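Values in this document were obtained by computation on a predicted structure and should not be read as measured data.
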Amino acid sequence: MTISPLVVPWFRENARDLPWRRPGFTPWGTLVSEFMLQQTPVARVIPRLAEWLERWPTPADLASCPPSDAVRAWDRLGYPRRALNLHACAVAITEHHSGEVPSDVDALLALPGIGDYTARAIAAFAFGLRVPVVDTNVRRVLARAVEGLAEPWAPNARRDLPLMEAQLPVDLQDARDTNAGAMELGALVCVARAPRCDICPLADACAWVLRGRPEHDGPKARTQKKYEGSDRQVRGLILRDLRASDIPLTATELEAVWPEAVQRDRALASLLRDGLVTGSGDEGYKLPE
DNA sequence: CACACGTGGTT
DNA sequence: TAACCAAGTGT
């Protein structure tokens, strides 16, 4: 089926008033918002995004600060490597793109922390290019409406991009709203747990509804590992203390964050490897400057 | 391709 | 309460 004739009018009527959809929102703002939205819910992103753009209105502003400032300002958004990547992005844009966010998908893909989704989201939403934007929401909408499946398949660019590309109208504004509308539909209506088919603009044409909404049959998606007691948690605790300190923390001080030395050392080593922490037992540990 | 990677709200 | 879920990327 073709989703755009139904999705585009629905989106224009029902789109949330989000910061990155306001007129005059800059490509840099779009880039920052997309980094923050990688695996972090909209509601938690909005206030932090406003702080970032007020403090760093352009890539050059962020690039002029040390990475530690970015990691601190990232606060508790999660996956703090994104803060480091975003800072590195700002440096690369300043040095290699005259301080302007590139519109070319391949140029975007070459930047740190930008993958298939983010590159096309920036090209489509910041620059109005007709490129397929496929995130987990879009894959779920396509899986149900087009393929008749209850759950989306794992991300696969070879499959996802041509499938969405075929859904994009020629008109640029319609193409942009098809991308944004499919995401919005997946976020608000065609949701993972309890889809609201009663209010869905695609319901009458949805392949999954037409099949009687069959259960997912294939193998279940891998369940997320437990956070309590994980290396992730220990990394988070170490970083929390480093963010809060103006001076390097000694190995002794870090012992307080986690009792088990083996796991604590493993977490610290991985943070050092990731570049989220610098220093040593002698000079102390701190955020990268 | 499977797995690691934060954090907090919802069911 | 444990499990699930949230606009992914890098290895």
Side-chain angles (χ1 to χ4, degrees), chain A residues 11 15-16 18-21 29-49 71 74-86 88-89 108-126 132-142 151-161 164 176 179-188 190-195 216 219-240 242-243 257 263 266-267 269-271 273-277:
Chain A
F11 179 68
R16 287 169 292 178
L18 298 171
W20 42 91
R21 292 177 181 162
T30 300
L31 187 152
V32 174
S33 72
E34 291 298 347
F35 264 83
M36 291 183 170
L37 288 164
Q38 292 170 1
Q39 299 285 280
T40 299
V42 166
R44 262 205 292 158
V45 164
I46 288 174
R48 193 69 64 244
L49 175 66
V71 173
W74 195 255
D75 195 33
R76 314 282 296 270
L77 279 182
Y79 293 149
R81 284 187 300 196
R82 291 181 294 165
L84 223 44
N85 285 149
L86 185 42
C89 247
L108 288 161
L109 282 170
L111 295 171
I114 294 188
D116 284 320
Y117 164 74
T118 303
R120 291 174 177 80
I122 293 169
F125 301 138
V133 181
V134 183
D135 72 339
T136 188
N137 290 310
V138 174
R139 275 203 317 285
R140 189 168 52 247
V141 169
L142 293 174
E151 292 177 29
W153 50 89
N156 178 338
R158 290 258 171 274
R159 176 179 187 183
D160 302 343
L161 298 180
M164 189 59 180
R176 184 211 296 251
N179 277 318
M183 291 178 66
E184 191 80 339
L185 196 61
L188 300 181
C190 192
V191 293
R193 199 142 2 162
H216 176 69
K220 257 178 277 191
R222 204 167 216 77
T223 166
Q224 204 169 44
K225 240 177 156 181
K226 196 163 113 166
Y227 181 67
E228 282 296 318
S230 67
D231 285 8
R232 280 185 194 183
Q233 183 185 24
V234 181
R235 285 169 55 107
L237 291 171
I238 292 172
L239 232 35
R240 187 185 63 179
L242 290 179
R243 278 197 307 264
V257 308
Q263 191 179 20
R266 188 170 63 225
S270 75
L271 287 168
R273 188 165 54 245
D274 289 348
L276 277 164
V277 175

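Note on A:R16: a base of the nucleic acid sits closer than 4.0 angstrom, heavy atoms only. Among the protein residues, A:P155 comes within range of no part of the nucleic acid, since none of its heavy atoms lies under 4.0 Å from any strand. The residue A:W20 sits close to a base: some heavy atom pair falls under 4.0 Å. Note on A:L276: nothing from the nucleic acid sits closer than 4.0 angstrom, heavy atoms only.
If you measure from atom CG of A:D160 to atom C1' of C:dG8, you get 12 Å, rounded to the nearest angstrom. The CG atom of A:D274 sits 10 Å away from the C1' atom of C:dG10 (whole-angstrom rounding). In this structure, CG of A:L49 is placed 13 Å from C1' of C:dA7, rounded to the nearest angstrom. Put simply, CD1 on A:I46 is 16 Å from C1' on B:dG8, counting in whole angstrom units. The CG atom of A:L18 sits 10 Å away from the C1' atom of C:dA7 (whole-angstrom rounding). For the pair A:L77 CG and B:dG8 P, the computed distance is 10 Å after rounding to whole Å. With rounding to whole Å, A:R266 atom CZ is found 12 Å from B:dA4 atom C1'. We find that CD1 of A:I238 is positioned 11 Å from P of B:dG6, with the value rounded to whole Å.
Under the side chain to side chain donor-acceptor pair (under 3.5 Å) criterion, A:N85 pairs with no residue at all, not counting sequence neighbours. With sequence neighbours excluded, no residue forms a side chain to side chain donor-acceptor pair (under 3.5 Å) with A:E151. In this structure A:V141 satisfies the side chain to side chain contact (heavy atoms under 4.5 Å, CB included) test together with A:L185, A:C190, A:L202, sequence neighbours excluded.
The shortest distance between the side-chain N/O atoms of A:K225 and the OP1/OP2 oxygens of B:dA4 is below 4.0 Å.
DNA chain C is contacted by A:G113, A:I114, A:G115, A:D116, A:Y117, A:T118 of residues 113-122 of chain A, taking any non-hydrogen atom closer than 4.0 Å.
Each of A:D231 and A:R76 was matched to the nucleotide of DNA chain B holding its nearest heavy atom; the match closer to the 5' end belongs to A:D231. Mapped onto DNA chain C by nearest heavy atom, A:L109 and A:R21 fall at different nucleotides, with A:R21 at the one closer to the 5' end.
Not a single donor-acceptor pair under 3.5 Å links the side chain of A:E184 to the backbone N or O of A:F11. Checking side-chain atoms of A:E34 against main-chain N and O of A:T30 turns up no donor-acceptor pair under 3.5 Å. In this structure, A:R139 contributes its side chain and A:W153 its backbone to a donor-acceptor pair below 3.5 Å.
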Which pairs of donor and acceptor atoms, one on a side chain in residues 38-45 of chain A, lie under 3.5 Å apart (sequence neighbours left out)?
residue, atom, partner, partner atom, Å
A:Q38, NE2, A:G113, O, 3.3
A:Q38, NE2, A:T118, OG1, 2.9
A:T40, OG1, A:L77, O, 3.1
A:T40, OG1, A:R82, NH1, 3.3
A:T40, OG1, A:R82, NH2, 2.9
A:R44, NH1, A:R76, O, 3.3

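Atom CZ of A:R158 sits in a sparse spot, with 12 or fewer heavy atoms from other residues, nucleotides or ligands closer than 6.0 Å.
Rounded to whole Å, the C1' atom of C:dC5 lies 14 Å from the corresponding atom of B:dG6. A distance of about 23 Å separates the C1' atoms of C:dA6 and B:dC1, rounded to the whole Å. Comparing the P positions of B:dT11 and C:dA7 gives a spacing of 14 Å, expressed to the nearest Å.
With respect to A:D231 and A:R235, no salt bridge is recorded, no charged nitrogen being found less than 4.0 Å from a carboxylate O.
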Pair A:R176-A:N179, side-chain hydrogen bond (donor to acceptor under 3.5 Å, both in side chains): steps then yes or no: CA-CA 5 Å; A:R176 184 211 296 251; A:N179 277 318; over 6 Å; no
What does the list of N/O pairs under 3.5 Å between the protein and nucleotides 3-6 of chain C look like, with a distance for each?
residue, atom, partner, partner atom, Å
C:dC4, OP2, A:T223, OG1, 2.7
C:dC5, O4', A:R193, NH2, 3.4
C:dC5, N4, A:Q224, OE1, 2.6
C:dA6, N6, A:Q224, OE1, 3.3
C:dA6, N6, A:Q224, NE2, 3.2

